[in-house]
Amino acid sequence: MVAAVLCEQLVRIHRSGTTEVQALQGLDLRVEPGEVVAVVGASGSGKSTLLNVLAGTDAPSAGRATVAGHELAGMTAGQRVRYRREVVGVVFQQAARNLLPHLTAEQNVGLPMALAGTGRRERAARTRELLGVLGVAGVAERRPAQSSGGEQQRVALAVALANRPAVLLADEPTGELDTTSSREVLAALSTASTELGTTVLVVTHDPGVSEQVARTVAIRDGRTSSEVLRRTEVDDDGAARLVSEEFAVLDRAGRVQLPREHREALELAHRVRLALEADHIAVRPADRPGR
Ligand code: ADP
Ligand code: MG
């Protein structure tokens, strides 16, 4: 199966004047079609850079990034325009950046379809379907300024989904919203996944988002460092309970990031001793060979 998102040793360097910032430092990530994945991490850890690379607005400096089989490095300008219009849908934190202010909600949703050459009748039907599924049919004829922030973000989701993208990319879509509106936008995101089958990659600070998805990937210093997987288990009495487990990410070069608490507890620095045991690998301070 072709991965919805595949990043291998992805590097992105931002240059401004004489300074260089390595925002992504060899990031590995694979997302399967239909998955909903939350990306979390401190400010400056490279989350937006990752999304911008996948959105086709920022080019990889090294390594690989592919979305639904489309290789992002080396696209021509024309391919990039079509990629952005047809392969991905993007929602940003600032509602104002997602919608054209002088168009109504339904005109905003119709626009990407018109640009892709979709006929008028199909456009109207798809617009009605999307606004309905996302719970904003009531604002179809309003301009952005005449609806709430939460409604604007749900219309923005409809715009992003209009051309049936392989992947929906959302960068802190609830960042400027109150709790109630955030919940509505989240519900809309999960509807996009369950009813429309869209793969979703959402960057968030909001624990309310990351706790609702099956998989949360943490980025630290431009690399994926750990993942939390959640699933529902049914115990012997038939009661369902949510199980969540945290894993460290092992990259293709064999690197693992040891959590700071673990390093500090054993004063691990610079060098450690590794020993292969029957069913695990032991990591010890260099001055304590063990056994
Ligand atoms: P996040 O979204 O996790 O807060 P970003 O991807 O925005 O992180 O930024 C990662 C790093 O790259 C930060 O150190 C940031 O200052 C830097 N950076 C991001 N965009 C640019 C840019 N256009 N020019 C220079 N540095 C940038
Ligand atoms: Mg950001």
Side-chain angles (χ1 to χ4, degrees), residues 5-31 36-67 72-73 75 77 80 83-84 88-99 149-150 152-153 156-157 159-160 167-178 181-182 185-186 189 199-213 215-228 246 248-249 251 255 257 259-260:
V5 173
L6 182 64
C7 301
E8 289 175 341
Q9 296 290 302
L10 180 62
V11 173
R12 169 66 201 181
I13 298 167
H14 294 294
R15 288 199 178 82
S16 51
T18 53
T19 57
E20 280 192 354
V21 178
Q22 198 169 342
L24 299 177
Q25 314 196 20
L27 176 136
D28 288 313
L29 176 67
R30 185 183 170 102
V31 177
V36 179
V37 175
V39 176
V40 299
S43 174
S45 57
K47 306 181 297 296
S48 293
T49 302
L50 170 64
L51 241 68
N52 292 337
V53 168
L54 297 176
T57 46
D58 220 355
S61 306
R64 266 187 89 200
T66 65
V67 174
L72 278 149
M75 268 188 195
R80 210 168 272 282
Y83 171 83
R84 286 211 292 262
V88 285
V90 185
V91 176
F92 297 102
Q93 175 173 345
Q94 304 86 354
R97 217 176 134 187
N98 294 316
L99 300 171
Q152 290 178 44
Q153 286 300 64
L157 275 174
V159 173
V167 180
L168 176 69
L169 303 165
D171 194 348
E172 313 250 16
T174 62
E176 291 185 345
L177 303 179
D178 59 47
S181 311
S182 294
V185 171
L186 281 186
L189 265 182
T199 308
V200 179
L201 191 65
V202 54
V203 165
T204 184
H205 266 106
D206 182 351
V209 180
S210 49
E211 280 162 16
Q212 274 191 27
V213 303
R215 183 174 166 214
T216 300
V217 176
I219 296 196
R220 188 176 298 162
D221 300 333
R223 284 199 193 130
T224 42
S225 62
S226 62
E227 287 197 20
V228 174
E246 182 164 6
V249 171
D251 80 8
R255 283 182 291 247
Q257 191 163 40
R260 175 181 297 156

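Counting convention: from 1, in listed order, for ligands and their atoms alike. These figures come from a predicted structure and were not determined experimentally.
With hydrogens and angles ignored, the 3.5 Å screen pairs no side-chain donor or acceptor of Arg12 with any backbone N or O of Leu24. With hydrogens and angles ignored, the 3.5 Å screen pairs no side-chain donor or acceptor of Arg64 with any backbone N or O of Glu8. Side-chain atoms of Ser61 come within 3.5 Å of backbone N or O of Ile13 as a donor-acceptor pair. Listed for the Thr224 side chain is a donor-acceptor partner under 3.5 Å among the backbone atoms of Asp28. No side-chain donor-acceptor contact under 3.5 Å links Gln22 to the backbone of His14. Put simply, the side chain of Gln153 gets close to the backbone of Pro173: a donor and an acceptor are under 3.5 Å apart.
Excluding waters, the set of protein N/O/S atoms under 2.8 Å from the Mg ion (ligand 2) reads Ser48 OG.
Shown are Val39, Asp171, Val40; of these, the side chain to side chain contact (heavy atoms under 4.5 Å, CB included) with Thr204 is made only by Val40.
If you take CG on Leu189 and OG1 on Thr174, they are separated by 8.5 Å, rounding to the nearest 0.5 Å. In this structure, the separation between CG on Leu72 and OG1 on Thr57 is 9.5 Å, given to the nearest 0.5 Å.
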Tabulating one pair per line, provide the atom names and distances (0.1 Å) for every N/O atom of ligand 1 that is less than 3.5 Å from a protein N/O atom.
{"from": "ligand 1", "atom 1": "2 (O)", "to": "Ser48", "atom 2": "N", "distance (Å)": "2.9"}
{"from": "ligand 1", "atom 1": "2 (O)", "to": "Ser48", "atom 2": "OG", "distance (Å)": "2.9"}
{"from": "ligand 1", "atom 1": "3 (O)", "to": "Ser45", "atom 2": "N", "distance (Å)": "3.2"}
{"from": "ligand 1", "atom 1": "3 (O)", "to": "Ser45", "atom 2": "OG", "distance (Å)": "3.4"}
{"from": "ligand 1", "atom 1": "3 (O)", "to": "Gly46", "atom 2": "N", "distance (Å)": "3.1"}
{"from": "ligand 1", "atom 1": "3 (O)", "to": "Lys47", "atom 2": "N", "distance (Å)": "2.9"}
{"from": "ligand 1", "atom 1": "3 (O)", "to": "Lys47", "atom 2": "NZ", "distance (Å)": "2.8"}
{"from": "ligand 1", "atom 1": "4 (O)", "to": "Gly44", "atom 2": "N", "distance (Å)": "2.6"}
{"from": "ligand 1", "atom 1": "6 (O)", "to": "Thr49", "atom 2": "N", "distance (Å)": "2.9"}
{"from": "ligand 1", "atom 1": "6 (O)", "to": "Thr49", "atom 2": "OG1", "distance (Å)": "2.5"}
{"from": "ligand 1", "atom 1": "8 (O)", "to": "Gly46", "atom 2": "N", "distance (Å)": "3.2"}
{"from": "ligand 1", "atom 1": "20 (N)", "to": "His14", "atom 2": "NE2", "distance (Å)": "3.4"}

